[in-house]
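Each remark here refers to the structure printed beneath this line.
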Amino acid sequence: MNLQNLIENIKQEFKNTLVNLGYFSEETIIVIDTPKGKENGDYSTNIAMKLARVAKKAPLIIAKEIVNQFNRNNLFIEKIEIANPGFINIFLDKSFLTNLITEINNQGIDYGNLNMGHGEHYNIEFVSVNPTGSLHIGHARGASAGDSISRIMKKAGYKVTKEYYVNDGGNQIHNLAISIDVRYQQLFGKKIEIPKDGYHGEEIIDAAKKIKNKYKDRFIKEDGYEFFKDYGVNSLLKTLKKDLSDYGVTFDVWFSEKTLYDNKLVEKTVTYLIENNYTYEKDGAIWLKTSDYNDEKDRVIIKSDGSYTYITPDIAYHMNKLERGYTKLIDILGGDHHGYINRLKAAIEMISGKGDLLEIEILQMVKVIQNGKEVKMSKRSGKAITLRDIIDEVGVDPIRYFFAMRSLNTHMDLDLDLALKQTNENPVYYAQYAHARINSIFVTAEKKGYNTKNLPTEFTTITSEKSFELIQILGNYPDTIRQAAIHRAPHKITNYVNNLASAFHSFYNDEQVITDDHLNTMERLSLLNATKIVLKDALNLVGVSAPNKM
RNA sequence: GUUUCGGUAGCUCAGCUGGAUAGAGCAACGCCCUUCUAAGGCGUCGGCCGGGGGUUCGAAUCCCUCCCGGAAUGCCA
C-alpha cells in the first residue's frame, strides 16, 4: 500500500466516524493535509472546526468525539492528538514509512505513475512558431512549458500527442520568400531593401548565401519566388527542429497548414459555417458571428480581397484535430494571444458543439533585461536573443529548470547578465548535485565491497528524524504528480525537486552513510537508492538531466 | 474604456479548492570540511502579503471597491 492509498483509507475511516456520530452530510468534505511543524504530526484534518457551525458545538468537543470513535485498525497510526483550536493530528507508524523505501525500489521509474487518464488522449500543441526565423528566448519558455506539461500528463497516465503547427500556408511565407529574394539579389550587388513586412534575421542571409553557392545566378535570370518559398520553409524548419531537439523537445506530429488547403479542409469549414448561418457579409467581407458565443465582437474569416484571415485555417485545423479522435486539445500560447481564446472556442463550438474540448493555456511573456535595459524580442527586426545562443552559452539544464520553476502566468523578468554569469547559483545545480552525491556514495560503497544490487527490503536501523523527513517527501511524489497534472503546473515539480534535494542534503550532512555497521549501511543505501530514483525521474519531467558526476 | 495576467523579504519567485509562528533561492552577516563531492549543512538579519471595506471561529488565500504595472483590443500572424 502506498502513502496515497493509506491517506484515502484514513479519510474513509473519518467519514465512517462522522456517519456514526451523525455529523456527515452531502456537503462534508474531509481534507487531510500536512501540517507545518512536525510536532503537529504527519497529517492533520480540520474537520472538527468545519463542523462546529452545523453541529453547534465547540470544535474541541467535536474533535474529542471523533477521536474516541475513530477505529485506527490497519491504518498504521501511531497516535492521534487534538490541538487548538480543533485540529486532529495524526502520527504515522514508522514501519509504514520505511516500507515505502522498498516500494519505490521495486517500482523504479514507474513509481509515481498514476492512472488519471482513463483512456483519454490529449493533443498538446505548443511552440508552433512560423518557419520564418530562429527561435528566441520567449519561445524557449513555451517549448519548456509544453514539453514539461506533456511529460507530466504522461506520467499521470494520459495518452499524449505533442504537436507543432507549421504555418507554411499564409502571408508570412510570402514575406519570407520575398525577404530571401532581396537578400539573394543583394549578394549580386543589387541595391534593394527588405520590405516593411519582411524578415531581417541573420538566418535569411544565410539561406540566400547557400542558394547562391549552389545555384549561382540562376534566380537572377528566372523568377525564384516558388523556389525561395520551399527552400526557406524547409531550411528554417530544419533549424527549428534541431534547436528544439537539442533543447530536449521533440514532437510527435508536425502538422502542415498547407495540407489543410491541399485537402480542401479550409474550404469545407468555410462552406459549413456559411451554410449553417454562422456568418454574414459586411463591407465586402465575410464575418463569423463569434459574439453569439462569448466573444466580444464578430470576426472576419474572408477578407474583402477574398483571402482568409489567420483564424480561418486555424478553425479547420482544430476541427481536424478533433476528427483525429483526441478527447482534449490543449494549446499553449503566448500572453499576447489571450484575445484569441474566445473567438477560437466560439468557432469550434459552432462547428462541432465541442468548444469545451479545447483548453488554452496562456503563458505570460518573458521580459529580457540586458545591461539594465529591456531587450525587445522581434523576429522582424532580427534583433532577438536566440534559443541557440542560450543553449550554447548557458546550457540546456539551467535554462529549462529556470523556466520550469515559474508558474505559467508569472510575468518573468530574465536578467541575461545574471543568467549568463551566475550560472552556479541556478537552483538546478542544487538538485543535480544531490543526485551526483548519491551516486558518489554508491561508487564508494561498491569499492568497499558492498553489494548494492541486493539492497535490504526490511528496516530496523532507520530511526532518525532526517531519514523520516526524507521518506515522507519520497512518499509525496505521486500526489505531486497529480497536482502538477491537474493544474498543468510544471513548477510544482521543481518545487518538489527542491524540497527533496534539500531533505537529502540535510540528511547527508547529519549522517555518515557508509560506516562499519554493515546492516545500517545497507539500509541507508536502500533509502538513498529510492531517493536517487525519484530525483532523476522528477528532473526528467522538466527535461533536466541527472548527472552521476559534477 | 473593455478583456486578461500580475502586485508577497533588498532582488527573482513559491504559497491562493480558507487553517496552526507567511516560505525558498539569491544578496548581507556568523559558524561547520583529518570522515561518503563545501555546487553542501546549520544559524542570524529581513514582510502594513498594493490600499480600503466585507464574509468567517479563522483571510496572503473567498467577495466588493480603488490604486499601480504587463499584454491584448487589425479585413497582422
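Quick note: numbers below take in every heavy atom, side chains included, and nothing from hydrogens, waters or symmetry partners. Each chain gets a letter, A, B and so on, in the order its sequence line appears, and its residues count up from 1.
When rounded to the nearest whole Å, the span between CZ of A:Arg299 and P of B:rG74 equals 8 Å. Nucleotide B:rC36 holds its C1' atom 15 Å from the CG atom of A:Asn548, rounded to whole Å. Whole-Å rounding puts the A:Tyr430 OH to B:rA38 P distance at 13 Å. If you take CD1 of A:Ile88 and P of B:rG19, they are 17 Å apart, rounded to a whole angstrom. B:rC75 atom P lies 16 Å from atom CD of A:Glu281, rounded to whole Å.
Within the shown strands, B:rU73 is the pairing partner of B:rG1 under the Watson-Crick or G-U definition, both distances less than 3.5 Å. Base-pair partner of B:rC29: B:rG43 (Watson-Crick or G-U wobble, both distances under 3.5 Å). A 3.5 Å limit on both hydrogen-bonding distances identifies no Watson-Crick or G-U partner for B:rC16.
With hydrogens and angles left out, the side chain of A:Thr494 and the base of B:rA14 share no donor-acceptor pair within 3.5 Å. With hydrogens and angles ignored, a donor-acceptor pair under 3.5 angstrom links the side chain of A:Asn89 to the base of B:rA20. Below the 3.5 angstrom threshold, one finds no donor paired with an acceptor across the side chain of A:Thr309 and the base of B:rC75.
In this structure, the nucleotide among B:rA39, B:rA20, B:rG41 sitting nearest to the side chain of A:Pro35 is B:rA20. Closest to the side chain of A:Gln172, from the set B:rU21, B:rA14, B:rA77, is B:rA77. Looking at the side chain of A:Ser304, the nearest of the listed nucleotides B:rC75, B:rG19, B:rA77 is B:rC75. With B:rC16, B:rC36, B:rA20 as the choices, the nucleotide that has an atom nearest any side-chain atom of A:Asn40 turns out to be B:rA20. Which of B:rA71, B:rA14, B:rG70 sits closest to the side chain of A:His411 comes down to B:rG70. Distance from the side chain of A:Pro427 is smallest for B:rG25 among the nucleotides B:rC13, B:rG25, B:rC36. Across B:rA77, B:rU73, B:rC75, the shortest atom-to-atom separation from the side chain of A:Lys297 is found for B:rU73. Taking the side chain of A:Asn130 as heavy atoms from C-beta on, and the options B:rA77, B:rU56, B:rG41, the nearest nucleotide is B:rA77. Of all nucleotides listed (B:rC75, B:rA71, B:rA77), B:rA71 comes nearest to the side chain of A:Asp336.
Remark: ring of A:His337 stacked against base of B:rA77; centroid gap under 5.5 Å, plane tilt under 30°. Stacking of the aromatic ring of A:Phe87 onto the base of B:rG19 is not found under the criterion of centres within 5.5 Å and planes under 30°.
Although no hydrogens or angles enter the test, the distance criterion places no donor-acceptor pair under 3.5 Å between the side chain of A:Thr45 and the main chain of A:Ile32.
Residue contacts for A:Glu257: at a heavy-atom cut-off of 4.0 Å it reaches no nucleic acid atom on any strand shown. At a threshold of 4.0 angstrom between heavy atoms, the contacts of A:Gln364 include nucleobase atoms, whether or not backbone atoms are also involved. Residue contacts shown for A:Ala52 are absent, as no nucleic acid heavy atom lies under 4.0 Å away. Within the nucleic acid shown, A:Met365 has no heavy atom closer than 4.0 Å to any nucleic acid atom. Nucleic acid contact class of A:Tyr433 (heavy atoms, under 4.0 Å, all strands): base. A:Gly170 comes within 4.0 angstrom of no nucleic acid atom, judged by non-hydrogen atoms across all strands. Contacts of A:Asp33 with the nucleic acid, taken as non-hydrogen atoms under 4.0 Å apart, are absent. Residue A:His338 is classed as a base contact, given a heavy-atom separation below 4.0 Å to a base. Residue contacts for A:Lys57: at a heavy-atom cut-off of 4.0 Å it reaches no nucleic acid atom on any strand shown. When heavy atoms are screened at a 4.0 angstrom cut-off, A:Asn46 is found touching base atoms of the nucleic acid. Within the nucleic acid shown, A:Ser502 has no heavy atom closer than 4.0 Å to any nucleic acid atom. Residue-level contact check: A:Phe442 touches neither bases nor backbone, having no heavy atom under 4.0 Å from any strand. A:Asn495 comes within 4.0 angstrom of the backbone, heavy atoms only, and of no base. At the heavy-atom level, A:Asp298 lies nowhere under 4.0 Å from the strands shown.
For A:Tyr199, no side-chain nitrogen or oxygen approaches OP1 or OP2 of B:rA77 to under 4.0 Å. For the pair A:Lys303 and B:rA77, the criterion of a side-chain N or O lying under 4.0 Å from OP1 or OP2 is met. Put simply, A:His491 has a side-chain N or O that comes within less than 4.0 Å of OP1 or OP2 on B:rG15. Proximity of A:Tyr340 to the phosphate of B:rU73: no side-chain N or O atom is located under 4.0 Å from OP1 or OP2. Between A:Ser506 and B:rG40, a side-chain N or O to OP1/OP2 separation shorter than 4.0 Å is absent. Distances shown here put a side-chain N or O of A:Asn409 below 4.0 Å from the OP1 or OP2 atom of B:rG6. For the pair A:Lys367 and B:rG69, the criterion of a side-chain N or O lying under 4.0 Å from OP1 or OP2 is not met. Side-chain nitrogen and oxygen atoms of A:Arg437 include at least one within less than 4.0 Å of the OP1 or OP2 phosphate oxygen of B:rA38.
Side-chain contact between A:Leu528 and A:Tyr508 is absent, with no heavy atoms from C-beta onward closer than 4.5 Å. Between A:Val542 and A:Phe403, every side-chain heavy-atom pair lies at or beyond the 4.5 Å cut-off.
Residues A:Tyr450 and A:His518 bring their aromatic ring centres within 6.0 Å.
A salt bridge links A:Lys321 with A:Glu125; the closest basic N to acidic carboxylate O contact falls under 4.0 Å.
In this structure, the separation between NE2 on A:His491 and CG on A:Leu408 is 8.0 Å, given to the nearest 0.5 Å. Atom CE of A:Met365 sits about 14.0 Å away from atom CG of A:Leu414, to the nearest 0.5 Å.
Within the cation-pi definition used here (under 6.0 Å to the ring centroid, within 45° of the axis), A:Arg343 does not qualify as a partner of A:Tyr340. Relative to the ring axis of A:Phe507, A:Lys466 does not place its NZ or CZ within 45° and under 6.0 Å from the centre.
Using bins of under 30°, 30° to 60° and over 60° for the plane-to-plane angle, the ring pair A:Tyr261/A:Tyr308 lands in the parallel bin.
Annotated as syn: B:rC33, whose glycosidic dihedral is within 90° of 0.
Closest approach of A:Thr494 to A:Tyr401, counting heavy atoms only: O-OH, 3.3 Å.
No option in A:Ile302, A:Ile274, A:Ile286 other than A:Ile286 meets the side chain to side chain contact (heavy atoms under 4.5 Å, CB included) test with A:Glu281.
Contacts between residues 510-520 of chain A and RNA chain B, defined by a heavy-atom separation under 4.0 Å, are made by A:Glu511, A:Gln512, A:Val513, A:Ile514.
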